[in-house]
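So that we are looking at the same thing, I have put the structure below in C-alpha cells.
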2 protein chains.
Amino acid sequence: MTHVDRRPDIAAVAAAAGVSVTTVSHVLSGRRPVSDATRAKVEAVIERLGYRPNPSARSLRTDRSESVALIVPDITNPFYPAVAAGLQDVLLGQGYLLSVNDAALPSRALREVVRHVLARRVDGIVLASYGATDDDIAEIARSGTKLVRLGGRFRAEFGDVVRADDVGGMHDVVSHLIERGYARIAFVNGERDAHPSRIRLEGYERAMREAGREIDPELIVSTTFTRAGGVEGATTLLERSTSRPDAIVCGNDLIAVGVLDVTRRLGLSVPGDLAITGYDDIEAASLVTPALTTVHNPAREIGRTCARMLLDRLAGDYDDVAREVVLAHRLIVRESS
Amino acid sequence: MTHVDRRPDIAAVAAAAGVSVTTVSHVLSGRRPVSDATRAKVEAVIERLGYRPNPSARSLRTDRSESVALIVPDITNPFYPAVAAGLQDVLLGQGYLLSVNDAALPSRALREVVRHVLARRVDGIVLASYGATDDDIAEIARSGTKLVRLGGRFRAEFGDVVRADDVGGMHDVVSHLIERGYARIAFVNGERDAHPSRIRLEGYERAMREAGREIDPELIVSTTFTRAGGVEGATTLLERSTSRPDAIVCGNDLIAVGVLDVTRRLGLSVPGDLAITGYDDIEAASLVTPALTTVHNPAREIGRTCARMLLDRLAGDYDDVAREVVLAHRLIVRESS
DNA sequence: GGTCGGGTGCAAATCGTTTTGCATGCTATT
DNA sequence: AATAGCATGCAAAACGATTTGCACCCGACC
C-alpha cells in the first residue's frame with residue numbers, strides 16, 4: 001500500500017502561497033476584492049496541490065449543504081428518471097448534489113423517507129410523490145427546507161408547484177375520442193384520492209360535459225397507476241358491464257399497457273372493438289402494439305423547471321410569494337384510437 | 001412570519017438533561033457505556049426537543065459523510081433505476097443518502113461527474129458506467145473513496161465488481177437460437193470498446209464455436225446500446241448483406257426494440273423471417289409485439305448486492321481483498337424467437 | 001485497611017471552513 | 001503636507017459535533 005498524502009486544507013494552500021487563509025477563502029468565494037497578482041498566485045497553488053474545500057466544514061459554517069433531494073413515488077416508473085435527468089441538467093452546473101429517493105410502498109413509507117432527507121439537512125426538496133399528505137408537507141415546511149412540488153394542489157404556504165396541464169391534456173384526449181365517434185368512453189384512473197387522479201378525472205368530465213355527453217359512474221373506475229392497476233380496471237369494466245365501453249381512457253400509460261394486456265387476452269381488436277389512450281408518453285407508449293395515443297408529459301422539462309425554481313428560492317428570490325408553473329401538454333395520436 | 005426556534009444543538013440537550021455533551025454523544029453513539037438512568041433521561045430530552053445531530057458537524061469530525069453516489073451512463077435506461085431501487089433498499093435502513101448521477105453524453109462527461117461526486121466527499125461510489133476508463137477509476141482510487149463497480153473487468157486494485165453472468169446469458173440465448181434451427185445468426189452489439197459489449201460478444205462466440213458454427217464477421221456490427229443503435233445496426237445488416245441473417249441477437253433490449261422498428265418498416269415477419277432477441281429483460285421487452293426473447297438481468301438484486309459490498313468495505317471488512325460477485329442469469333423465451 | 005479496577009462522567013482539543021473587525025500602506029484630494 | 005478613503009490582508013471567533021485523557025466513586029480483593 002502506497003502512502004497517500006494527507007489532503008491539503010486551506011491552511012496548507014495559504015502557507016504555500018504565502019498569504020493568509022482569509023485571502024484564500026476570498027479568492028474562492030469572491031466576497032471581497034483580491035488583487036490580480038494574489039489571486040493568480042493562490043489559484044496556481046490550489047491547482048498544484050489539488051485542493052478541494054471540505055464540503056462538511058463549509059456547510060457547517062454556512063448552514064448550506066448544496067444538495068437537493070428528489071422524492072418520487074416509484075422510481076421504476078420511467079417518468080421519474082426523466083424528471084431526475086432534467087433536475088440534473090440544471091443542478092450539476094451549480095455544484096449541487098442530487099439525491100434520488102424512492103418512496104415506493106410497501107417497503108418505504110413516505111414519511112420515513114421525508115424524515116431521512118430532512119435529517120440530512122438538504123437545502124431543498126423536490127417532492128413528486130402524489131401520496132404526500134398535508135402533514136408531510138407541513139413537516140418539511142417546519143424544517144425550513146425549501147420545497148418545490150411536482151404536481152399537487154397549489155397552496156401558498158406549501159411552496160411552489162410545477163405541473164403539466166393535466167386537465168387540458170385529458171380534455172384533449174377525450175375530445176379526440178368524441179370527435180372520432182366513440183360513444184361509451186370509460187375511464188380507468190389511478191389511486192382515487194391522489195391529486196393527479198382527481199385532476200385528470202376533471203379533464204375527462206369537462207370534455208364530456210362540453211360535448212353534451214352524460215357521465216356514467218359505471219364507466220369510471222379507480223385502481224393504481226401501474227400496469228397491474230390497468231389489468232384490474234379493464235377486467236372490471238369489460239367483464240362486468242352489461243354494455244361494454246367502446247373506448248377506455250387511462251390515467252397513465254402504465255395503466256393503458258395493463259388494459260392492453262386484457263384486450264389481448266379477450267381477443268378484442270384495438271382500436272376496432274375498443275380504443276385505448278394513455279397519459280405521459282413514456283417510451284413504452286410507442287413500443288406496444290398498437291402504439292398508444294397519449295398525451296406527452298414533458299418530464300425532463302418539468303425537472304429542469306423544478307430545479308430552476310428551487311435555485312431561485314435558495315437564492316432568496318421570490319421569498320414572499322409562491323409560484324405555480326404550468327407546462328403545456330401535447331396530444332400524441334397513434335394507432336390505438 | 002412566525003419565529004422559528006433555533007435548532008437545538010448537542011449542548012442544549014446536555015443542558016436540559018443536566019449532563020455533559022460527552023455523555024449525550026455517548027448515548028448517541030454507544031461507544032462508551034452509559035448508565036440506564038442517564039440514557040433514559042437523555043433520550044427523553046432528545047425526543048422532547050426534537051434534536052437531530054448536524055450531519056455536517058459530524059462528518060467534519062469523523063471524515064465520513066454517510067452518503068453514497070451511483071453513477072450511471074443513462075438514467076433513462078430502465079435498467080438503472082431498478083439498480084437504484086435495489087441500492088436504496090439496503091442503504092436507507094443504514095442512514096445513507098443515495099445520490100444518483102447521470103453521466104449521459106454529450107451533456108455530461110463522465111470525468112466531470114466523477115469529479116463532482118469526489119468533491120462532495122461521498123464515502124463510496126457505485127460506478128455503473130461502462131464508459132469509465134482506467135484513468136477515471138484510478139482517480140477514484142487515489143481519492144480513497146470506496147468503489148464498487150457494476151460490471152467491468154475485475155482487477156484487484158480497482159475495487160469490487162458485481163455483475164451478471166453475461167457470457168453465460170448470451171451463450172444461452174445463442175444456443176437457444178441454434179437449437180431452434182436458425183442458420184445465420186447475426187449480432188448487433190453496443191459500443192465496440194465497452195466492456196459489456198466485449199463480454200456479450202464472447203458469449204455469442206462461445207456458443208457458436210461450441211455448436212461448430214463458423215463466425216462470420218459480416219454478421220457482427222457494433223453500434224450503441226440504444227434504440228437508435230438498433231435501427232442503425234439492423235439497417236446495416238438487412239440492407240447491405242447479400243444473404244440476410246435469419247436471426248439477430250442484440251446486445252440489449254433497447255437495441256432489439258430498434259431492430260424491431262426496422263423489421264416493421266421492411267415488412268418482415270418476426271420470428272418467421274427473422275428471430276430477434278434482447279438482453280436485460282426491461283419492461284419494454286414484454287411490451288413490444290412480438291414480445292422479446294431475452295435474458296433476465298436481476299437489476300434490483302444487483303443493486304442490493306452492490307450496496308452490501310460497499311457497506312462491507314466501509315465497515316473495514318475485506319480491507320485487503322477485492323471481490324467479484326457474479327449473479328445468475330435466466331433465459332426468458334417469448335414470441336420473438 | 002489499602003489498593004486495584006470497572007463504571008461513569010467531564011473538560012478540552014479537534015475537524016476545516018467562513019466571516020467579522022481591525023490594521024496597514026498607498027493614492028488622490030485639498 | 002496632511003488627511004480621507006480605498007484596496008488589501010490578517011487574526012480570531014464562530015459553526016456543532018466526536019474523542020481523548022483524566023478524575024471520581026464505589027465495591028471487591030488480598
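Here is the naming used below: chain letters follow the sequence lines, and residue numbers restart at 1 for every chain. Only a predicted model underlies this, so the values are computations on that prediction, with no experimental measurement involved.
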Nearest-nucleotide pick for Asp9(B), side chain only, options being dC10(D), dG16(D), dT8(C): dG16(D)
Side-chain-base donor-acceptor pair under 3.5 Å for Thr62(B) and dA17(D): no
Length of the line joining Arg58(B):CZ and dA17(D):P, which is rounded to integer Å: 9 Å
Leu60(A) side-chain proximity, nearest of dG16(C), dA17(D), dT19(C): dG16(C)
Passing candidate, side-chain contact (heavy atoms from CB on, under 4.5 Å) with Leu87(B), options Val148(B), Leu98(B), Thr305(B): Leu98(B)
Interatomic distance where CD1 belongs to Ile10(A) and P belongs to dT14(C) [whole Å]: 19 Å
Closest nucleotide among dT18(D), dA12(D), dA11(C) to the Thr22(A) side chain: dA12(D)
Sugar-phosphate only, base, or nothing, as touched by Thr38(A) at under 4.0 Å among non-hydrogen atoms: sugar-phosphate
CD-OG1 distance between Glu43(B) and Thr38(B), expressed to the nearest 0.5 angstrom: 11.0 Å
Distance test, side-chain N/O of Ser25(A) to OP1/OP2 of dT18(C), below 4.0 Å: yes
Separation of dG16(C) C1' from Arg7(A) CZ (nearest whole Å): 12 Å
5′-ward residue of the pair Ala57(B)/Ser20(B) relative to DNA chain C: Ser20(B)
Between dT14(C) (C1') and Asp63(B) (CG): distance, integer Å: 13 Å
Short side-chain N/O contact to dT17(C) OP1/OP2 from Ser56(A), under 4.0 Å: no
Check: Val83(A) and Cys306(A) side chains under 4.5 Å, non-hydrogen atoms: no
Distance, nearest 0.5 Å, that separates CD1 of Ile140(B) from CD1 of Ile71(B): 5.5 Å
Shortest side-chain distance from Thr23(A), nucleotide among dG9(D), dT17(C), dT18(D): dG9(D)
Distance-only donor-acceptor test, Arg32(B) side-chain atoms vs dG21(D) base atoms, 3.5 Å: yes
Given dT17(C), dC10(C), dA17(D), the nucleotide with the shortest approach to the side chain of Arg61(B): dA17(D)
Nearest-Å distance for atom pair CZ/C1', residues Arg52(A) and dG16(C): 16 Å
Nearest-0.5 Å distance that lies between atom OG1 in Thr145(A) and atom CZ in Arg313(A): 13.0 Å
Under-3.5 Å donor-acceptor pair between Ser59(B) side chain and dA17(D) base: no
Euclidean distance, atom CZ of residue Arg121(A) to atom C1' of dC15(D) [Å, nearest integer]: 12 Å
Spacing between Asn54(B) atom CG and dT14(C) atom P, to the nearest angstrom: 21 Å
Gap between atoms CZ and P, on Arg64(A) and dC15(D) respectively (whole Å): 18 Å
